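On a predicted model such as this, the values are computed, not experimentally measured, just so you know.
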Amino acid sequence: MSEPSLAIRKFSDLANPTRFLALVATVWPWLAGLTLCLFAVGLYLSFTTVGDYQQGETVRIMYVHVPAAWLSMMCYTVMALSALGTLVWRHPLADVSAKAAAPIGACFTLVALITGSLWGKPMWGTWWVWDARLTSVFVLFLMYLGLIALNRAMDEPTRAAKVSAVLILVGFVNIPIIKFSVEWWNTLHQPASVIRMDGPTISGEFLRPLLVMAVAFTLLFFTLHILAMRNEILRRRIAVLRRHAARSAGGAA
Amino acid sequence: MRLVAEGLSAKRGEDLIFQDISFEIPRGEALVVKGPNGSGKSTLLRVLAGLLPAETGTAKLVAAAQPVERLGEACHYLGHRNAMKRELTVDENLVFWKAFFGDFSGGAGISVDEAVESVGLRGIVHLPFGYLSAGQQRRMAMAKLLVAWRPVWILDEPTAALDASAEAMFAGLVTTHLARGGIAIAATHQPLGLEGVRELRMTGFAGVGEAVW
Amino acid sequence: MRLVAEGLSAKRGEDLIFQDISFEIPRGEALVVKGPNGSGKSTLLRVLAGLLPAETGTAKLVAAAQPVERLGEACHYLGHRNAMKRELTVDENLVFWKAFFGDFSGGAGISVDEAVESVGLRGIVHLPFGYLSAGQQRRMAMAKLLVAWRPVWILDEPTAALDASAEAMFAGLVTTHLARGGIAIAATHQPLGLEGVRELRMTGFAGVGEAVW
Amino acid sequence: MSHLFYVTVSYIAAFSVSMGLVLWVWLDHRGRHRELERLEAAGVRRRSAREETR
Amino acid sequence: MIALLARDLKLSVRAGGGALIGVLFFMTVVAVIPFGVGPDLNLLSRIGPAILWIGALLASLLGLDRLFQAEREDGSLDLLLMQETPLVLTVFVKCVAHWVATGLPLVIASPLLGLFMNMDEVAIGATTLTLLAGTPAITFIGAAGAAIAVALPRGGLLVSILVLPLAIPVLIFGVSAVYAAIQDPAPFLPPFLILIAINLFFAVLGPVAAAAALRLSSD
Amino acid sequence: MIALLARDLKLSVRAGGGALIGVLFFMTVVAVIPFGVGPDLNLLSRIGPAILWIGALLASLLGLDRLFQAEREDGSLDLLLMQETPLVLTVFVKCVAHWVATGLPLVIASPLLGLFMNMDEVAIGATTLTLLAGTPAITFIGAAGAAIAVALPRGGLLVSILVLPLAIPVLIFGVSAVYAAIQDPAPFLPPFLILIAINLFFAVLGPVAAAAALRLSSD
Ligand code: HEM
Ligand SMILES: Nc1ncnc2c1ncn2[C@@H]1O[C@H](COP(=O)(O)OP(=O)(O)OP(=O)(O)O)[C@@H](O)[C@H]1O
Ligand SMILES: Nc1ncnc2c1ncn2[C@@H]1O[C@H](COP(=O)(O)OP(=O)(O)OP(=O)(O)O)[C@@H](O)[C@H]1O
Ligand SMILES: [Mg+2]
Ligand SMILES: [Mg+2]
C-alpha cells in the first residue's frame with residue numbers, strides 16, 4: 001500500500017474518535033490553563049482601566065458582554081461548518097462537534113442577553129426593547145434551544161445529526177441578520193466599532209482588556225467544546241456497546 | 001379459590017363476537033383458548049380482565065384469599081403490548097411495576113433480580129428497554145408477572161416473537177405459578193408446552209346484533 | 001435486462017448489518033432472501049429500493065427498457081406497511097397509485113378492476129380500506145403491484161397475515177410477473193410456493209462498527 | 001441603583017453561567033465514565049480493548 | 001403512587017420527554033407577539049399579563065395530549081385501569097407529575113418573559129403568582145380532555161379545542177387578578193381566591209371526569 | 001401530481017382530516033384573546049390584525065406535523081421517495097394541498113373574526129389579503145420543519161418551535177402591510193410585495209429543505 005500524504009493522514013487521524021480522544025487528553029489541560037491565565041489578566045485589566053466619561057462604571061460590562069456576544073455567533077458558525085461536514089463529507093466527528101456546541105452556544109447567548117439587559121437598564125432605562133439586534137439574538141437563543149430539543153427527541157444520533165444539520169444550515173441566515181442589524185435598521189444598540197472594515201474606532205484603553213477577554217472567552221469555548229465532544233464520543237461508545245450487549249444477551253441463553 | 005365465568009358474551013361495535021361462554025377453573029389449573037384469527041380470543045381475555053364490559057354474564061373469583069370486587073384486581077394481564085417504557089431502563093421499569101402493583105394476599109412477588117434471572121436475561125437490566133430486541137422485550141414483560149403476586153394470569157399470545165428455548169422457559173414459569181396455587185388463562189395459536197390443560201375452542205362470529213337496528 | 005448487485009454492505013445506527021453481498025438476477029427469475037430474525041433481510045431490500053444508503057457497493061439495472069438513474073425508479077416495493085389510506089376506499093387508493101406511479105416502459109399495468117379480480121377480492125372496492133381484515137388489506141396492497149408496471153418487485157414478507165389459499169394466489173401473481181420478463185426479490189420466513197428460484201441466505205450481524213467509536 | 005450593582009451582577013451572572021457549563025461538562029464526563037466502567041464490569045467491552053487485554 | 005410520580009418525572013426528563021419543549025414553545029410564542037403588535041413598549045406592558053397567560057395556557061394544553069396516549073400505546077394504560085388503586089387517584093398523580101414537569105417550568109420562565117414584555121415588578125410578581133395558582137387547574141381540566149382524546153389519531157389540537165372553553169374561567173380570573181394588582185382601586189384578593197377555588201374544583205372534577213372517560217374508551 | 005393533490009384534499013375532508021380542526025383552533029384562540037386583554041374595543045381593534053395573524057400562524061403550524069408523519073406511518077412515504085418524479089415537486093404539491101385544506105379556511109374565517117375584534121372594513125380587507133398572500137409561505141417553510149420532525153414521536157410542538165423563528169419575517173411584513181393600509185402615510189404596497197417575495201422564496205426553499213430532510217431521515 002502506498003504511503004498516504006502527511007496532510008491526509010493527519011486528517012484521517014483526527015477522523016478517528018479514539019485518536020481524537022487521545023489528542024483531547026493531552027491538549028485540554030494546557031488549553032484550560034491558558035484560559036485561566038488569560039481570564040486572570042483580562043479581569044485584572046478590566047477592573048483597573050478607568051471608567052468611560054459617558055457610561056461611567058458600566059462600561060466594564062462591555063468586557064463580558066461583547067466577547068459573549070461574539071462567541072454566541074461564532075459558536076453557531078462552528079455548528080454550521082460542522083453541519084456542512086456532516087452533510088458533505090459525512091465526517092463522524094462533525095456530528096459530534098455540532099451536537100456538543102449547541103449547549104455551549106446557548107449559554108454564551110444567555111450571557112450576552114443577561115449582560116446586555118443589565119447594561120440596558122442603566123443606559124436605556126429599560127431591561128429590554130424589541131429592536132432588531134436584541135430580537136435577533138433572542139431568536140438565536142431560541143434556535144439553540146430548539147436544536148437541543150431536537151437532538152434530545154431523536155434516539156438515533158446519526159440520523160439526528162443529519163436532520164439537525166439541515167436545520168442548522170437553514171437557520172444560519174440569522175447570523176448575518178444579527179451582525180448587520182444595527183446597520184440595516186436604526187436601533188438603540190451600538191454599531192460595530194471593533195470588527196469593521198476600516199479598523200477599530202474604539203479607543204485603545206478599552207480595546208486592550210476587551211481583546212484579552214475576547215481571546216479568553218474564545219479559548220474557554222474551545223476548551224469546553226473539545227471536552228463536550230469527548231463526552232459525546234463516550235456517549236456514543238456507550239450506546240454502541242449497549243446495543244452490542246443487548247444483541248448478544250439472551251439470544252443463546 | 002376458583003375462577004367462575006357464567007354466560008359471558010361480548011360485542012365489538014355492533015357485532016356480537018361470542019355468546020354464552022361459561023367455564024370454571026380451580027386453583028392450580030390452566031385454560032388454553034384456541035380458535036382462528038378474529039374468533040374473539042383477545043376479546044374474551046379483555047372481558048375477563050375487566051377492560052371490556054361484558055354484554056351479558058359475569059366472571060368472578062370465588063373463595064379468594066382476599067375479597068375482590070372486580071376480577072381484574074386479582075389478575076396479571078399480558079397483552080400484545082408489553083407495558084414497559086422504552087426510555088427507562090429495564091430495572092427502572094420493573095421496580096416501578098413492582099411498587100405500583102403491590103402483592104395480592106396469598107403470595108409474594110420475587111425480587112427484580114430474581115425475576116430477570118428466571119427469564120434468562122441477567123446482565124442487561126441496566127439497558128434502556130427500547131434497546132432490546134422484540135424477543136427480549138417479551139421476556140422482560142414476563143418478568144413483570146413475577147415481581148408482584150397475582151393469583152390469576154391472563155396471557156394473550158404470550159409466546160409470539162419467542163424462539164424455541166424461550167418457549168420452554170415460559171412453560172416453566174407457568175408450571176411454577178400453577179404449583180404455587182395460581183390460575184392461568186392463555187390465548188394462543190401455537191402449542192404452549194403445558195401438560196394436561198383444559199381447552200376452550202372459540203368458533204367466532206356469534207352473529208350481528210342487528211335486532212337493535 | 002439484469003439486476004446486478006456488487007459488494008453491498010449497510011449499516012443501521014453504528015452496526016454493520018451485512019457486508020459484501022453480490023448477486024445477479026437475469027430477467028424472468030426470482031431471488032428469495034432467507035435468514036433468522038434480525039439478520040438484515042429487510043435492510044437489504046430497503047437498500048435495493050434506494051430507501052437506505054448503502055455503506056459500500058452498488059446495485060443497478062443493466063440493459064433496462066429505459067435508462068434508470070436510481071434502481072428504485074424501476075421497482076415496486078411492498079414493505080411491512082401497506083401504503084394505503086384507511087380513510088379512502090380501496091378504489092380511491094388504487095386509482096391514486098395507478099395515476100401516481102405511471103408505467104415504466106416495457107410493460108403496462110392492468111386496470112384497477114382486473115387487479116382486484118386477480119387478488120380475488122372483487123366486490124369490496126367501495127369499502128374504506130380500514131374496514132378490511134389484515135389479510136384482505138395485504139391482498140389489496142398486492143393489487144397495487146399490478147396496476148402499474150415495474151420490472152422489479154421487491155417484496156418484504158409478502159405472505160405475512162395471509163391464509164393458505166391466498167398464498168397460492170400470490171405465487172400465481174409472481175409467476176405471471178416473471179413470465180412477462182420481470183424480476184422479483186422476496187424476503188420471507190415461509191415457503192413461497194415458487195419453483196426453481198435462487199436463494200440468498202443472510203447470516204446476520206456482520207459485526208459492530210465500533211472501530212469508529 | 002448604583003452602576004456598580006449592574007457591573008457586579010453581570011460579572012456574577014457571566015461567571016455562574018460559565019461555571020454551570022463547566023459543571024455540566026464535568027458531571028457528564030464523570031457519568032459517562034461510570035457507565036463505561038459499569039459496562040466493562042458487566043463484561044461488555046470494545047473489541048479493540050478486548051484484544052489489548054488478551 | 002410515589003412510584004408512579006417518580007416514573008413520570010423521570011420520563012419527562014429522559015430523551016423525548018416534554019419538559020423542555022413546553023417552555024420553549026411558551027417562550028417562542030411570547031417572543032413572536034411583539035413582532036405582531038409592534039415594539040411599542042407601553043402597549044406591550046399593557047397586554048403583557050394577558051399574553052403571558054394565553055401563552056402559558058396554550059403551552060400547557062398542547063403538551064397534554066400525550067398524557068394518556070403514551071400510556072395507551074405501550075399498553076400500560078390497561079394495567080393502570082385494572083388495579084385496585086382508585087383510578088381517580090392514579091389520574092391525579094399523573095396530573096401532578098405532568099404539572100411539575102411542564103407547568104412549573106412555565107411559571108419559572110414567566111418572570112423572565114415578563115421582563116421582555118416590559119412589565120413592572122408588581123405585574124411580574126402578580127403574573128407569576130397567578131400562574132402558579134392557575135396552571136394546575138389547566139392541567140387538571142386538560143387531563144379530562146386528554147382522556148377523551150386518548151384513542152384519537154390526531155389528539156393534539158382537538159384536546160385544546162375541547163378544553164379551551166373550559167379553561168376560559170381560569171384565564172379570566174387569572175388575568176383580572178393581575179390587573180387588579182397593577183391598578184390600584186381593584187382589590188387583588190377576590191379574583192385570586194376565586195382562582196384558587198377553581199383550582200380546587202378542577203382538581204376534583206378533572207380526575208373524576210378523566211377516570212370516567214378512560215374507563216369508557218378502553219377497548 | 002394532480003392525483004396526489006386530489007388524494008390529499010379528499011383525505012383532509014374525510015373523517016379525522018385536519019381541515020376543520022385548524023379553523024376551530026384559530027377561532028378558539030382568537031376568541032380567547034378578549035378574555036385575556038379585556039373587552040376594551042379600541043385596544044382590540046388596535047391589536048386585532050396582529051392577533052389574527054398570530055392566531056393564523058399558530059393554527060397553520062400546529063396542524064403541519066402530520067403532513068409527512070401520516071404518510072410515513074402507513075408506508076406511503078417510502079413509495080413517494082422511490083419515484084422518478086422529483087421529490088421536491090411531490091413535497092410542493094403536498095404543501096399546496098395542505099394549504100388549500102387548512103390555510104384557505106383560515107383566510108376565509110378571518111373576516112368574521114375581524115368583526116369580533118372590532119376592526120373596520122379596510123383593516124379586515126387588508127388582513128384577509130395579507131393572510132392570503134402570507135399563509136402559503138408559512139406552509140412551505142413549515143413543511144421543512146415537518147420533514148425534520150417526521151420520525152419523532154411527539155412532533156407537534158417541536159415543529160412549531162423549530163419553524164416559528166423562521167416564520168417571523170412573514171409575520172412582520174404581513175402585519176406591517178396591514179398597519180400600512182390602515183394608517184395613511186405608510187404605503188401598503190412595499191411590505192405587501194415583500195410578503196409575496198418571501199412567499200416565492202419559501203416556496204422554493206421549503207420544499208428543497210423538506211426533500212433533503214426526508215431523504216436523510218428515511219430508514
Ligand atoms: C440584551 C441586550 C443586548 C444584546 C442581545 C446585545 C447583543 C450584542 C451583540 C450580538 C453584539 C456583537 C455585535 C457585533 O459583533 O457586531 C454586541 C456588541 C456590543 N454591544 Fe450589545 N447587546 C445588548 C445590549 C447592549 C447595551 C445595553 C449596550 C450599551 C449601551 C451594548 C453595547 C454593545 C457594544 C459597545 C458592543 C460592541 C460593538 C462593537 O464594538 O462591535 N449592548 N451586542
Ligand atoms: N378495537 C376493535 N374495534 C372493533 N372491532 C374489533 C376491535 N378489535 C377487534 N375487533 C373485531 O373483533 C373480532 C374479534 O377480534 P379478536 O381480536 O378478539 O380476535 P382474536 O381471536 O384475538 O384473533 P387473533 O387470533 O388474530 O388474535 C374481529 O372480527 C375484529 O375485527
Ligand atoms: N430502524 C432501525 N434502526 C436501527 N436499527 C434497526 C432498525 N431496523 C432494524 N434495525 C436492526 O437491524 C437489524 C436487522 O434488521 P432487519 O429488519 O433487516 O432484520 P430482518 O432480517 O428483516 O428480520 P425479520 O425476520 O425480523 O424481519 C436488527 O438487528 C435490528 O435490530
Ligand atoms: Mg388476538
Ligand atoms: Mg424484516
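- The contact between E:Ile33 and chain F is made by backbone and side chain atoms together, counting heavy-atom distances below 4.5 Å.
- In this structure, F:Ile168 CD1 and E:Thr28 OG1 are separated by 8.5 Å, a value rounded to the nearest 0.5 Å.
- Here the rule is side chain to side chain contact (heavy atoms under 4.5 Å, CB included) with E:Leu24, and of F:Leu162, F:Leu158, F:Ile161 only F:Ile161 fits it.
- For the set E:Val32, E:Ile47, E:Leu58, E:Val178, the entry with the most heavy-atom pairs within less than 4.5 Å of chain F is E:Val32.
- Applying the side chain to side chain donor-acceptor pair (under 3.5 Å) rule to pairs touching residues 115-132 of chain E yields E:Trp53-E:Thr130, sequence neighbours excluded.
- Among all heavy-atom pairs drawn from E:Gly36 and F:Tyr179, the shortest one is O-CE1, 3.9 Å.
- Closest approach of E:Val37 and F:Arg46 over heavy atoms only: O-NH2, 3.6 Å.
- Applying the ring-ring contact (aromatic ring centres under 6.0 Å, His included) criterion to E:Phe202, with sequence neighbours excluded, gives no partner residue.
- In this structure, the portion of F:Leu57 lying under 4.5 Å from any heavy atom of chain E is its side chain and not its backbone.
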